[in-house]
Amino acid sequence: MQFEDFHLDETLLNSLKAMGHNTPTTIQQQTIPLGLEQQDILARAPTGTGKTASFLLPALQHLIDFPRRFSGNARVLILTPTRELASQVHRYACHLATGLDLDIAIVTGGVPYAPQEKALKENIDILVATPGRLMEYLDKELFEPQDIETLIIDEADRMLDMGFSSVVQSIAIAAQGRKQNMLFSATLEGGGVSRFAQGLLNNPVTIETKPPRSEKAKIHQWIHLADNREHKFALLCNILNREEVTRAIVFVKTREVVASLEGQLRQVGIDCAFMRGDMEQKARFQALGRFTKGEVNVLLATDVAARGIDVDDITHVINFDMPRSADTYVHRIGRTGRAGNKGTAISLAEAHDMRVVAKIERYIEQPLKRRIIEELRPKHKEARPPSKKKTKAKEKSVSKKQKALKKKK
């Protein structure tokens, strides 16, 4: 199948060719025809599978087919959980719309209000926004949602993680005239996204495709066991100094660890950029810009700060701190191995991390290989997490003790 088979406008086809997009991915093949028919869509679309074009192409084609007669408010609203992702979607939309007389605006937090307020007063065809800042404008009656025809929600699972559920629902209720809704999420497991979608979508078509091998992220995953934090830092330095590590994201749990680790790496001659959740937007863009341009090949980040990062050619994702949950692990490693390229995900695990390692292995349905760097061989054996039977037995024992104490009282 080719993009020409969707009967898209010639201008869109020319933009796709100029961007080097010749053949639609699996998720695009599934969603674009439905989007063009104005159907509501609930789609599982992991990062790196081409989901952005899946919703932008139908939206742009609709604006071409049904041009507005008078200037006015946004007709297409795209909500993303993070500023970085909003910026990437906005940039991609502008590239696709080259040659079209469309006004595409962006509204996010972390930047001055005045330019955004000015833009909201002018003609807008497509608005890309983060929910928090857009809700502020809605409350102040500076954002008029009555002309919205298409509502698109990107990375819905992250939207929920960040607590935007009620805000998104409020915006959707205000945009009562919408005719089409599309919701994309990296995961559809659990009831969270499904319940979220029920209040937003009308009889949606659910799409959950498994990309072929040519599109799948070929991510090699393994673990190095670490005795302690000093050993873990030595392992990290060894990995980052390898020739094959040309662009790496190193994940840590907290912004405090980001600060201390950045200083330690500088001391041993490893230059890096860093992103923390408390950084101003300008500093975030500067750090990401240094990493994207190749001024540094290492980016330190917390999960909160890294949301929405979409950088090509990331060769390695390194978990200096293990994530708190298995789905977060999947989101992390999804930063590498994009668009069918090969990638590597390396986790540095201490004894207390083995419980979450076991959860991850069950979640991804494969064991994580253990590897050893000979000169940094761990001194201790691998810690084994307690089995479910032992845990239940312990819980029962504790429960019996508590009951016995109550009786004595």
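On a predicted model such as this, the values are computed, not experimentally measured, just so you know.
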Counting C-beta onward and ignoring hydrogens, is there a side-chain heavy-atom pair between Ile346 and Asn319 closer than 4.5 Å? no

Rounded to the nearest 0.5 Å, what separates atom CG in Leu236 from atom NE2 in His231? 12.0 Å

Side chains of Asn297 and Val245 in contact at under 4.5 Å (non-hydrogen atoms): no

Would you mind reporting whether Met1 and Phe6 have side-chain heavy atoms less than 4.5 Å apart? yes

pair Ile171-Met135: side-chain heavy atoms closer than 4.5 Å: yes

If you look at every heavy atom in Leu34 and Ile207, which pair is closest and at what distance? CD1-CD1, 3.5 Å

Per side chain to side chain contact (heavy atoms under 4.5 Å, CB included), Met275 is matched among Leu299, Ile249, Leu300, Val258 by Leu299

If the threshold is 4.0 Å, N to carboxylate O, is there a salt bridge linking Arg377 and Glu374? yes

Got a second to check how far Asp5's CG is from Thr23's OG1, nearest 0.5 Å? 10.0 Å

Do you see a donor-acceptor pair shorter than 3.5 Å between the side chains of Trp222 and His224? yes

Please examine the side chains of Thr344 and Ile318, heavy atoms only from C-beta on, and report whether any two atoms are closer than 4.5 Å. no

Got Leu8 and Leu36 here, is their nearest side-chain heavy-atom distance under 4.5 Å? yes

Separation between SG (Cys237) and CD (Gln267), nearest 0.5 Å, reads 10.5 Å

Short N-O contact, Lys253 and Asp303, less than 4.0 angstrom: no

Residues Arg178 and Leu200: closest non-hydrogen pair is NH2-O, 3.3 Å

Can we call the ring centroids of Phe55 and Phe184 under 6.0 Å apart? yes

Return the OG to CZ distance between Ser87 and Arg91, rounded to the nearest 0.5 Å. 4.5 Å

Regarding Lys359 and the six-membered ring of Tyr329, is the cationic atom NZ or CZ under 6.0 Å from the ring centre and inside 45° of its axis? no

So does Arg255 pair up with Glu262, basic N to acidic O under 4.0 Å? no

Polar side chain donor-acceptor pair, Gln180 to Asn202, under 3.5 angstrom: no

Taking the side chain as every heavy atom from C-beta outward, state whether Leu134 and Thr130 have any atom pair closer than 4.5 Å. no

side-chain hydrogen bond (donor to acceptor under 3.5 Å, both in side chains) assessment of Asn238 paired with Glu375: CA-CA 10 Å; Asn238 181 287; Glu375 62 269 31; 3.3 Å; yes

Judged by modelled atom types alone, do Asp157 and His331 share a side-chain donor-acceptor pair under 3.5 Å? yes

Cation-pi, Phe285 ring and Arg83 (6.0 angstrom, 45 degrees): no

Side-chain touch Met354/Arg384, heavy atoms, less than 4.5 angstrom: no

Just grab all the salt bridge (charged side-chain N to carboxylate O under 4.0 Å, His left out) pairs involving residues 13-34, residues at least two apart or on different chains. Glu4-Lys17

